[in-house]
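Some notes on the structure that comes next.
Labels below follow one simple rule: chain letters A, B, ... track the order of the sequence lines, proteins then strands, and each chain is numbered from 1.
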2 protein chains.
Amino acid sequence: MELTTAEENYLKAIYHLSEGGKKSVSTNDIASAIQTKPASVSDMLRKLGEKEVIQYRKYYGLQITALGMRLALQTIRKHRLWEVFLVDKLHFAWDEVHEVAEQLEHIQSPLLIERLDAYLNYPKFDPHGDPIPDEFGDVRSRPRIALQEMGIDQSGQIVAVKDSSPAFLRYLDKVGAYIGARIKVLDKVEFDGSVEILVDQKKTIFMSKDVTNNILILTS
Amino acid sequence: MELTTAEENYLKAIYHLSEGGKKSVSTNDIASAIQTKPASVSDMLRKLGEKEVIQYRKYYGLQITALGMRLALQTIRKHRLWEVFLVDKLHFAWDEVHEVAEQLEHIQSPLLIERLDAYLNYPKFDPHGDPIPDEFGDVRSRPRIALQEMGIDQSGQIVAVKDSSPAFLRYLDKVGAYIGARIKVLDKVEFDGSVEILVDQKKTIFMSKDVTNNILILTS
DNA sequence: ATTAAATTCTAGGAATAGCTAAAAAATGGT
DNA sequence: ACCATTTTTTAGCTATTCCTAGAATTTAAT
């Protein structure tokens with residue numbers, strides 16, 4: 001079963017909104033997620049329902065089907081593999097990859113993705129630390145906690161960011177807090193929640209609570 | 001000025017047909033080149049005329065403008081760079097690259113192409129030996145002759161193929177006549193026009209006239 | 001030069017995907 | 001339980017790009 005580019009984008013948004021912990025996904029949510037109008041969303045939901053990638057009951061919510069899940073994960077896999085390519089091979093910055101990957105994810109060629117995956121050495125996480133589903137849609141996610149939740153002397157590795165806005169990513173780059181960096185909590189300030197951390201056993205930096213809440217750590 | 005994917009494909013076809021030595025490009029030619037109906041072509045020509053990438057007079061032919069030329073060469077540049085990527089990096093075979101490159105060429109990101117070009121080490125020719133235009137649309141083409149036209153003892157390098165059908169490309173791969181191979185003509189058979197050549201100073205192979213007419217050589 | 005054949009264009013229609021405006025249904029406050 | 005607000009859907013339009021059928025124009029043949 002083939003999906004158009006627009007359908008793939010809707011399905012991906014629906015998947016992300018479903019995973020986001022929300023019990024039910026609303027038409028308005030989807031509309032603002034993909035920058036379109038609710039009326040257009042209604043139209044598309046009907047179509048996605050007919051294609052059986054979602055179960056759709058008018059005025060009530062929708063539920064993504066097993067088929068829909070599989071297709072969404074395929075698109076997400078492609079998106080994240082391309083992001084790895086752009087950053088690792090073409091030296092794009094974190095904040096430059098998204099819109100290009102958004103286009104590349106719609107290229108249709110199973111062989112291409114297979115070869116790209118091999119070429120990148122079967123990466124398990126994208127540059128933002130999000131897991132890359134395998135060809136069957138299986139995602140191996142690791143238990144992660146916010147840097148803010150860590151205790152003094154606890155150490156781990158930066159594996160993801162919650163906020164991936166260009167401004168935030170640029171800040172992280174500047175202070176050397178890249179995905180994969182090994183960090184250790186040296187001190188926490190009670191008063192404002194700011195944290196002092198050691199990065200890669202050599203550089204000490206301070207981060208505000210706003211920042212540490214947005215950095216996810218795989219503890220060790 | 002922005003072109004849609006469909007417009008880019010028409011313009012590219014028009015460019016190729018114009019370069020093909022034809023004095024004027026017909027609606028039928030375009031239709032068969034891009035596998036569509038003449039009626040659809042007429043429609044599109046009107047639109048391309050309005051966008052001033054071609055000069056179009058109903059019932060008489062069309063002429064590609066300087067603007068159209070520049071845009072067509074940009075698309076061709078992208079197509080050929082992607083082909084190099086697919087073959088050099090992802091180890092695609094000659095006959096597997098075309099349809100994927102056909103999709104990749106429409107990705108819009110000047111930065112991507114700039115980085116890809118650098119990553120591939122600024123290649124001047126694609127895997128079929130066709131020249132890659134630079135960012136300004138300049139093409140440095142080399143004088144090439146058909147293998148069939150070479151004399152005995154003349155040597156050179158395979159730089160392109162006229163017929164790039166999968167069957168032909170597979171045949172070339174099988175006999176070891178890849179793009180870039182250095183060859184020397186050992187003998188020519190008067191009777192049927194077949195040619196005996198030495199490939200890379202080690203392997204001797206026979207090729208029929210049909211084959212040698214489709215292989216282009218940069219003589220040395 | 002006139003007619004037949006081929007080519008090319010126009011008209012009208014279908015599918016996709018978006019929009020606005022307005023109707024229908026669900027939700028929330030009192 | 002009712003009414004107002006919010007959410008969602010439907011209806012009707014627009015634009016793109018393709019199609020078929022048929023009309024207009026050019027070309028080729030006698």
Just N and O in the side chain of B/T36: are any of them under 4.0 Å from OP1 or OP2 of D/dC19? yes
Could you tell me whether the phosphate oxygens of D/dT8, OP1 or OP2, come under 4.0 Å of any side-chain nitrogen or oxygen in A/K37? no
Taking atom CZ of A/R70 and atom CG of A/L67, what is their separation to the nearest 0.5 Å? 5.5 Å
Find out whether A/V84 and A/P127 are in side-chain contact, i.e. whether some heavy atom of one side chain is under 4.5 Å from a heavy atom of the other. yes
Name the one of B/D126, B/D117, B/D134 that satisfies salt bridge (charged side-chain N to carboxylate O under 4.0 Å, His left out) with B/R77? B/D117
C/dA26, OP1 or OP2 - any side-chain N/O from A/K58 closer than 4.0 Å? no
Consider the side chain of A/A39, meaning its heavy atoms from C-beta on, and name the nucleotide among D/dA11, C/dT10, C/dT8 that approaches it most closely. D/dA11
Of the non-hydrogen atoms in B/K47 and B/E7, which two are nearest, and what is the gap between them? CD-OE2, 4.2 Å
Between A/Y59 and C/dA24, is there a side-chain N or O to OP1/OP2 distance below 4.0 Å? no
Taking only the side-chain nitrogens and oxygens of B/N28, find out if one of them lies under 4.0 Å from OP1 or OP2 of C/dT8. yes
Does A/T4 make a side-chain N or O approach to OP1 or OP2 of C/dA17 shorter than 4.0 Å? yes
Regarding B/P38, tell me which of base, sugar-phosphate or nothing describes its non-hydrogen contacts under 4.0 Å with the strands shown. nothing
Rounded to the nearest Å, what distance is computed from the CE atom of residue B/M44 to the P atom of nucleotide D/dA15? 16 Å
Would you check if the distance from the ring center of A/Y15 to the ring center of A/Y10 is below 6.0 Å? no
Can you see if the side chain of A/T27 gets near the phosphate of D/dT9 - specifically, an N or O under 4.0 Å from OP1 or OP2? yes
Against the six-membered ring of A/Y119, is A/K89 placed for a cation-pi contact (under 6.0 Å from the centre, within 45° of the normal)? yes
Atom-pair distance (CG on B/L48; C1' on D/dT16), nearest Å: 13 Å
Return the value, rounded to whole Å, for the distance between atom NE2 of B/H106 and atom P of D/dT17. 12 Å
Tell me whether the side-chain N/O atoms of B/Y56 come closer than 4.0 Å to OP1 or OP2 in C/dC9. yes
Contacting residues from residues 5-14 of chain A, given that a heavy atom lies under 4.0 angstrom of DNA chain D: none
Would you say C/dC19 has OP1 or OP2 under 4.0 Å from some side-chain N or O of A/S40? yes
A/R57 CZ - D/dT8 C1' separation (whole Å): 14 Å
Do A/R46 and A/Y56 meet the cation-pi criteria used here (NZ or CZ under 6.0 Å from the six-membered ring centre, within 45° of the axis)? no
How many Å lie between CZ on A/R46 and C1' on C/dA24, as a whole number? 17 Å
What nucleic acid atoms does A/S42 come within less than 4.0 Å of, heavy atoms only: base, sugar-phosphate, or nothing? base
If the cut-off is 4.0 Å, is A/K47 near the phosphate of C/dA17, judged by side-chain N/O to OP1 or OP2? yes
Nearest-angstrom distance from the residue atom OH of B/Y60 to C1' of C/dC9: 14 Å
Separation of B/D43 atom CG from C/dA14 atom P, in whole Å? 16 Å
Quick one: A/L62 CG to D/dT8 P, roughly how many Å, whole number? 10 Å
Any side-chain heavy-atom pair of B/I132 and B/F125 under 4.5 Å: no
